[in-house]
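Reviewing the structure listed below.
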Amino acid sequence: MTSAADAAAPCRHVGSPPSAVVERAAKLIKELGTQRDLLALYGISPSEFSSAFPAAIESVRGSMSASNSNRRQFLRSVLDHVVERGLATSLSTPAYGEDTVYRLNVPGIGAVAIIQKGCPDGAHSSTRWSAPVWAEETYLWWLCSSMNTHPGEHISKGVNRLRQKFLSDESNTLSGVIFNNELCGTQQRPCPKRDRSALIDGQLVPAPCIFVMPARDKNGSSWNWNDERTPKFPARLLQAFDIAPSEAALFTGFIGFQQKDNGALRTTITTRFGAGRSSTYRS
Amino acid sequence: MTNPVIDQERASFINARKGSEHARVPAWPRTDKELKIVELEVDWVRLSTLNHRTKAEQRAEVARAANPTLFTLDPLGRTAQDAQYKILSKQEAFDDLKHDMQERGQQEPAIVTADGVLINGNRRAAALRSLYFDDKHLAAKYVRCLVLPADATVAELIDLETELQIARDFKQEYGWINEALLIEELFERENKDFATVATRMHRKAADVRSLYDKLQQVHQLVDLSCGARLHIDFNENESAFDELAKHIKNKQPAEAEAVRSVYFIGTLAGANYRDLRNLRRADAAALVRDEIESDPTLKQILDAVEEALPGPATEVDILDDLLGADTDASPLTPLLALLATKKPDETLVLPDGREVDVQDVFGSIQSAIAAAADDAKEDQNDQATLTAPLNRVKKAIGEFERALAALPKARLFSAFDEAAVSRQVLKLRELIDKYPGDES
């Protein structure tokens with residue numbers, strides 16, 4: 001289950017089954033339709049099982065994964081905490097298309113938009129968004145409970161999708177992406193920043209993984225490759241986790257893109273998680 | 001050279017036990033290769049502390065016990081023997097060997113000196129000892145041994161060990177560090193002649209020299225670590241030391257030091273040798289340093305290093321002590337000098353008083369090296385793409401010039417096919433006509 005892209009995040013999942021076991025379990029589920037005797041015990045014919053199978057999988061997925069309201073609650077609580085700590089003056093949820101978008105008013109910055117998304121791998125969570133016109137800075141907040149791969153690979157896949165959008169869509173730019181949800185800091189996803197956690201709704205939430213995105217420059221061939229961009233919100237958010245502004249650079253990662261003369265594209269993702277602790281993935 | 005350490009009392013004991021059974025030992029360097037066989041109790045025979053297969057482990061044990069004379073003060077005494085037994089019983093596949101000895105018994109006799117020190121069969125004797133004392137396996141009480149003459153010299157013993165241990169039909173691999181240490185010892189004994197060492201080792205001279213060369217790099221890193229790292233710690237890094245030693249062999253001192261410092265830091269940090277391979281270039285240390293310097297989490301470590309080392313002269317001095325006064329310091333020299341002396345479980349104190357785990361720092365440096373290596377690889381690919389047309393055209397010109405030079409001789413033969421050559425030259429002209437020229 002490990003891959004080079006795991007280096008894009010500081011943590012690894014613990015206790016998720018090996019991919020071979022997952023594949024065997026998937027094979028078992030797929031072959032259930034041939035088990036007439038077993039199906040009969042449940043009063044289902046093989047043809048009924050076959051036709052009901054996709055809806056059943058959807059139903060199981062829906063009940064097992066964190067519901068949208070749970071996600072919203074987690075993120076809402078974190079942002080409330082930012083306001084309670086006096087780092088933002090207000091939090092609102094203006095209607096904005098199909099996405100849940102939070103608006104934080106942050107002294108010294110202005111309006112900051114947080115677009116709530118699920119796991120970065122999918123197109124919906126990485127490319128289907130637009131930056132609100134009112135926002136001074138805009139962030140995607142990936143709430144990802146999937147343990148299919150380690151967090152770094154999830155992030156890397158999301159960033160590759162973001163790169164396509166970045167290179168094709170001039171009107172939309174992000175200030176950064178944030179990876180953090182209720183799984184972070186638990187035994188399943190131990191966090192090396194656990195000593196920089198905040199108690200939010202009874203849960204110790206570690207400081208989020210923040211990655212600054214490049215700014216657009218249509219004439220350029222290298223975007224934030226050397227960590228040139230410094231938006232203001234990351235330092236403010238980290239303060240909510242008792243990370244002083246002077247230390248913010250030690251906890252703020254970045255994403256960079258590069259286009260070579262022959263058209264080949266490269267991506268760099270660096271995660272930072274304290275003094276002497278960083279990790280970079282280039283592809 | 002005679003063996004000065006024969007214990008006459010023990011030699012007499014063995015002599016009294018000798019039976020009539022003999023066996024031929026082809027590896028014994030004398031013309032009379034018949035040796036007598038005797039059964040000795042497993043706790044009576046002494047383990048050889050000169051066994052080259054455990055040299056690196058012994059260095060580690062000496063460092064752990066902080067006792068430089070652990071194996072030399074009284075090699076046959078209880079302390080040294082217990083330490084040696086511990087080393088043997090912790091070696092890989094020891095349990096498998098024990099199981100095999102329990103199942104099949106001792107198949108081949110061991111070889112002991114006249115006073116019962118094992119020259120060959122140390123692991124088997126240790127396995128029997130463990131079977132007998134730990135597992136109460138009564139059949140393991142005795143070890144069958146061939147006994148060497150009392151006048152066997154140290155040189156003969158080393159020759160015998162070399163023959164027995166290095167021969168490829170022998171059971172367990174040495175581990176490259178131990179093999180290289182043996183080569184180094186033989187090299188010194190054989191008037192620094194690799195050809196002779198190679199003959200004794202049944203290996204090619206180039207292989208022997210390669211092992212020797214990479215061991216010299218390990219020596220430097222171990223020395224640089226001031227005891228924090230031991231030879232045995234680098235048993236898994238043969239590929240890295242191999243590629244380093246080969247690359248720096250004929251390089252200018254500055255490039256050699258740049259690449260060496262990257263390899264040393266990378267090896268300490270656990271970098272993959274395939275990544276390090278991309279950094280075999282004159283600016284390797286500068287590339288890695290840039291990567292480290294641009295990372296605020298690591299910049300603090302650099303600052304700490306430079307604060308700890310008062311000035312440029314000190315940096316050079318450190319390296320001079322280790323590598324000689326001619327060595328050029330690389331941009332990574334101060335960082336290497338500091339990190340080499342740190343064990344992964346230690347902490348580093350930053351200028352602001354905070355502490356960071358050395359293991360974390362190594363992890364971050366490993367990642368920085370991988371990133372620098374990725375850039376270097378891209379750069380090399382770009383360079384290859386950039387120069388490919390020119391190089392190929394140059395090569396084609398060279399080939400065509402050779403073809404023209406070969407023409408007169410070929411024409412002397414009646415079977416020469418001039419028309420075929422003409423057709424190919426025409427094809428060449430057509431190809432040349434396809435060259436679009438400068439499109440800029």
Side-chain angles (χ1 to χ4, degrees), chain A residues 2-12 152 192-196 209 212 221-222 224-228 230 234-235 238 243-256 258-283, chain B residues 269-272 274-275 278 288 290-305 335 338-339 342 344 346-379 381-386 388:
Chain A
T2 58
S3 84
D6 295 343
C11 58
R12 305 288 184 271
K193 294 171 288 176
R194 61 189 172 277
D195 58 334
R196 301 302 182 100
C209 285
V212 171
S221 58
S222 177
N224 203 35
W225 189 259
N226 295 309
D227 188 22
E228 296 93 350
T230 45
L238 290 168
I243 294 170
S246 60
E247 289 183 291
L250 306 180
F251 290 88
T252 309
F254 74 98
I255 290 161
Q258 201 177 54
Q259 184 158 35
K260 294 170 39 170
D261 290 347
N262 63 1
L265 295 169
R266 297 179 74 206
T267 300
T268 186
I269 307 171
T270 290
T271 178
R272 293 179 182 140
F273 41 108
R277 303 198 296 180
S278 66
S279 174
T280 295
Y281 171 60
R282 270 178 200 167
S283 59
Chain B
N272 189 313
R274 290 189 183 89
D275 286 335
N278 295 311
V288 172
D290 284 351
E291 201 65 47
I292 291 172
E293 212 160 22
S294 66
D295 182 338
T297 73
L298 289 173
K299 177 73 167 58
Q300 292 189 314
I301 312 295
L302 277 181
D303 293 344
V305 168
L335 184 64
L338 176 79
L339 290 180
K342 300 289 176 191
E346 289 183 46
T347 53
L348 270 176
V349 181
L350 299 177
D352 63 8
R354 273 180 305 172
E355 290 186 346
V356 289
D357 292 340
V358 171
Q359 186 60 57
D360 286 341
V361 175
F362 278 137
S364 304
I365 287 177
Q366 180 190 337
S367 186
I369 287 175
D374 193 69
D375 283 354
K377 188 178 168 188
E378 284 291 321
D379 185 42
N381 289 343
D382 289 351
Q383 284 301 317
T385 306
L386 203 62

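Chain identifiers are assigned alphabetically (A, B, ...) following the order of the sequence lines, protein sequences preceding nucleic acid strands; residue numbering begins at 1 within each chain.
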If you count heavy atoms of other groups shown closer than 6.0 angstrom to CZ of A/Arg194, is the number above 12?
no

Would you please go through residues 260-271 of chain A and name the residues with a non-hydrogen atom below 4.5 Å from one of chain B, in numerical order?
A/Lys260, A/Arg266

Name the region of B/Ala371, side chain, backbone, both or neither, that has any atom closer than 4.5 Å to a heavy atom of chain A.
both

Engaged part of B/Glu291 at the chain A interface, taking heavy atoms whose separation is under 4.5 Å:
side chain

State, to 0.1 Å, how close A/Ala249 and B/Pro296 come at their nearest heavy-atom pair, and which atoms those are.
O-CG, 3.6 Å

In terms of heavy-atom pairs under 4.5 Å with chain A, the winner among B/Asp295, B/Val361, B/Asp382 is B/Asp295

Across all chains, not counting sequence neighbours, the side chain to side chain donor-acceptor pair (under 3.5 Å) partners of A/Gln259 are none

Separation between OG of B/Ser364 and CZ of A/Phe273, rounded to the nearest 0.5 Å
5.5 Å

Residue A/Gln258 versus chain B: region with a heavy atom under 4.5 Å:
neither

Considering heavy atoms only, which positions within residues 274-283 of chain A lie below 4.5 Å of chain B?
A/Gly274, A/Ala275, A/Gly276, A/Arg277, A/Ser278, A/Ser279, A/Thr280, A/Arg282

Excluding sequence neighbours, so at least two apart, what forms side chain to side chain donor-acceptor pair (under 3.5 Å) with A/Asp227?
A/Arg272

